[in-house]
Number of protein chains: 2
Amino acid sequence: MTQNQKDRRMLGAMLRIPFQAIVARINEGLRTRGFTDLRPAHFVIFQHIHPEGSHLTELAEQAQITKQSAGALVDHLMACGYIERLPDPNDGRAKIVRLTERGRELEKAAREILSQVEQEWAEQLGDERLTQLKQTLKDLIALIEEGAKS
Amino acid sequence: MTQNQKDRRMLGAMLRIPFQAIVARINEGLRTRGFTDLRPAHFVIFQHIHPEGSHLTELAEQAQITKQSAGALVDHLMACGYIERLPDPNDGRAKIVRLTERGRELEKAAREILSQVEQEWAEQLGDERLTQLKQTLKDLIALIEEGAKS
DNA sequence: CTATATAGTAAGATAAACTGACTATCTTGT
DNA sequence: ACAAGATAGTCAGTTTATCTTACTATATAG
């Protein structure tokens, strides 16, 4: 009734629900655009891959998964033609993982879908509140990462 | 440099990071309090279990997983003594899943840990902004759930 | 130039989800 | 009253995404 009525839902769930909604929307959107061979777990690779290419170990660190897990995801993405691996001329142990043309198309599509979701949310929530939400999340992340260092 | 500098991080990741931070904190906190046999996947059961007890099928629906998955999680929680199953006197097919005393202790502990995290965040972000964040998330969830119905 | 660190791979285990098929029980329409 | 269909929950098997431990090849530093 009152504006102070306690929501039974806990903060964890309140963050999870919109997060999963975004993942579902991107997944769905990519499928309808013909990218049918991707799974949500692969997104994290795209999120961290550098335009010039990245090493597997870097990707694993940034995504906070083991390099074996990263390797498996990269193998799949390579088999599907989204990324390629070249030997690193500066390090004989290492390979450079980078997007193919198709990979860049996929990334573009994902960004477009995300923009559309953000736009919908901005329409219904108001531009100002969405911007505010993003700024608060950004600040929250900064202090979480601060805490993780210590 | 400027306040308008574009954050490379996408909204999906911005929601995921604090969500995962909460999950990690609760997981960690429960461990140090002696609840060592739980995994994050079990949280979703606790989140939806009704004080009077719930049916497995209800839990599965609310948690948005199959009843087989819910069944496996419940089996584990039962083996660890957090929940119990009684035959439903009103329905011979059904069983009532409800918290044991230990289950209620666990739930209490989890809420305390979450409160502590929220308090920390409130201290660093300001009470007002945290409240605002929760309200925005709540509104966002409402419109996501609205959209899901259609 | 040897010792150690790093990049990536291999093999195998596990957790958490899924689908499809099944039994037992309840509900409903005639 | 009862047959047809719906619902609660289980069983068996599979997939996906993760992990740990152990390894090879190469690089770097004392």
Side-chain angles (χ1 to χ4, degrees), chain A residues 16 19-20 23-24 26-28 30-31 36-50 52-80 82-98, chain B residues 16 19-20 23-24 27 30-31 36-50 52-80 82-98:
Chain A
R16 195 190 70 236
F19 165 62
Q20 287 183 341
V23 170
I26 291 179
N27 209 37
E28 205 181 292
L30 290 177
R31 253 161 230 287
T36 55
D37 43 12
L38 278 141
R39 288 184 301 277
H42 295 119
F43 296 171
V44 81
I45 298 296
F46 282 93
Q47 222 149 57
H48 292 110
I49 203 162
H50 192 272
E52 314 293 309
S54 304
H55 287 171
L56 186 60
T57 302
E58 282 176 335
L59 290 175
E61 268 167 27
Q62 289 164 355
Q64 305 206 65
I65 56 177
T66 59
K67 46 194 186 161
Q68 292 86 336
S69 300
L73 296 174
V74 163
D75 283 348
H76 181 95
L77 290 174
M78 193 166 49
C80 299
Y82 294 110
I83 64 187
E84 59 190 352
R85 280 167 142 163
L86 315 167
D88 184 338
N90 302 123
D91 187 336
R93 298 165 302 177
K95 292 168 196 170
I96 292 173
V97 175
R98 69 175 194 202
Chain B
R16 195 192 70 235
F19 165 62
Q20 288 184 340
V23 170
N27 209 37
L30 290 177
R31 253 161 229 286
T36 56
D37 43 12
L38 278 140
R39 288 184 302 275
H42 296 120
F43 297 171
V44 80
I45 298 297
F46 282 92
Q47 220 148 58
H48 292 110
I49 202 163
H50 192 271
E52 316 291 310
S54 303
H55 288 171
L56 185 61
T57 302
E58 282 175 336
L59 290 175
E61 269 169 24
Q62 289 165 354
Q64 306 207 65
I65 56 178
T66 60
K67 47 193 185 161
Q68 292 89 327
S69 301
L73 296 174
V74 163
D75 283 347
H76 181 94
L77 291 173
M78 193 166 48
C80 298
Y82 295 110
I83 63 186
E84 59 189 354
R85 281 168 141 163
L86 315 167
D88 185 338
N90 302 122
D91 187 336
R93 297 165 301 177
K95 290 167 198 172
I96 293 172
V97 174
R98 69 173 193 203

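In this text the structure is predicted, and so the values were computed from the model without any measurement. Lettering follows sequence order; numbering is per chain, from 1. Values below: every heavy atom of this structure, side chains too, minus hydrogens, waters and symmetry copies.
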Nearest-Å distance, [atom1] ([X]) to [atom2] ([N])?
| X | N | atom1 | atom2 | result |
| --- | --- | --- | --- | --- |
| B:F43 | C:dA17 | CZ | P | 12 Å |
| A:R39 | D:dT15 | CZ | C1' | 8 Å |
| B:D88 | C:dT27 | CG | P | 10 Å |
| B:I96 | D:dT7 | CD1 | C1' | 16 Å |
| B:L86 | D:dA8 | CG | C1' | 16 Å |
| B:D75 | D:dA8 | CG | P | 18 Å |
| A:L73 | D:dT15 | CG | P | 18 Å |
| A:M78 | C:dG8 | CE | C1' | 12 Å |

Residues two or more places apart in sequence or in another chain: which of them pass side-chain contact (heavy atoms from CB on, under 4.5 Å) with [X]?
| X | result |
| --- | --- |
| A:D37 | A:C80, A:Y82 |
| B:K95 | none |
| B:S54 | B:I49, B:H50, B:E58, B:L59 |

Problem - Any donor-acceptor pair under 3.5 Å from B:H76 side chain to B:A72 backbone - result: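 It does not hold such a pair.
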Residues two or more places apart in sequence or in another chain: which of them pass salt bridge (charged side-chain N to carboxylate O under 4.0 Å, His left out) with [X]?
| X | answer |
| --- | --- |
| A:R93 | A:D91 |
| A:D88 | none |
| B:R31 | none |
| A:E84 | A:R98 |

Subject >> Audit row: B:L30, B:F43, side-chain contact (heavy atoms from CB on, under 4.5 Å) steps and yes/no >> reply: CA-CA 11 Å; B:L30 290 177; B:F43 297 171; 4.0 Å; yes
Please collect all salt bridge (charged side-chain N to carboxylate O under 4.0 Å, His left out) contacts where either partner lies in residues 64-80 of chain B, sequence neighbours excluded, each pair once.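 Qualifying pairs, neighbours excluded: B:D75-B:R85.
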I need the full list of ring pair (Phe, Tyr, Trp, His ring centres under 6.0 Å) pairs touching residues 53-75 of chain B, with sequence neighbours left out, sorted by first then second residue.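 Every candidate ring pair (Phe, Tyr, Trp, His ring centres under 6.0 Å) pair involving residues 53-75 of chain B fails, so no pair, neighbours aside, qualifies.
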Whether each nucleotide of nucleotides 23-30 of chain D has a protein heavy atom under 4.0 Å at its base (B), only at its sugar-phosphate (S) or at neither (-) is summarised, 5' to 3', as --BBS---
Extract from the structure each pairing of a protein N or O with an N or O of nucleotides 19-23 of chain C at less than 3.5 Å, listing the distance.
{"residue": "C:dG20", "atom": "O6", "partner": "B:Q68", "partner atom": "NE2", "Å": "2.2"}

Which residues within residues 52-59 of chain B lie with some heavy atom under 4.0 Å of an atom in DNA chain D?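 Close to the strand are B:H55, B:L56, B:T57.
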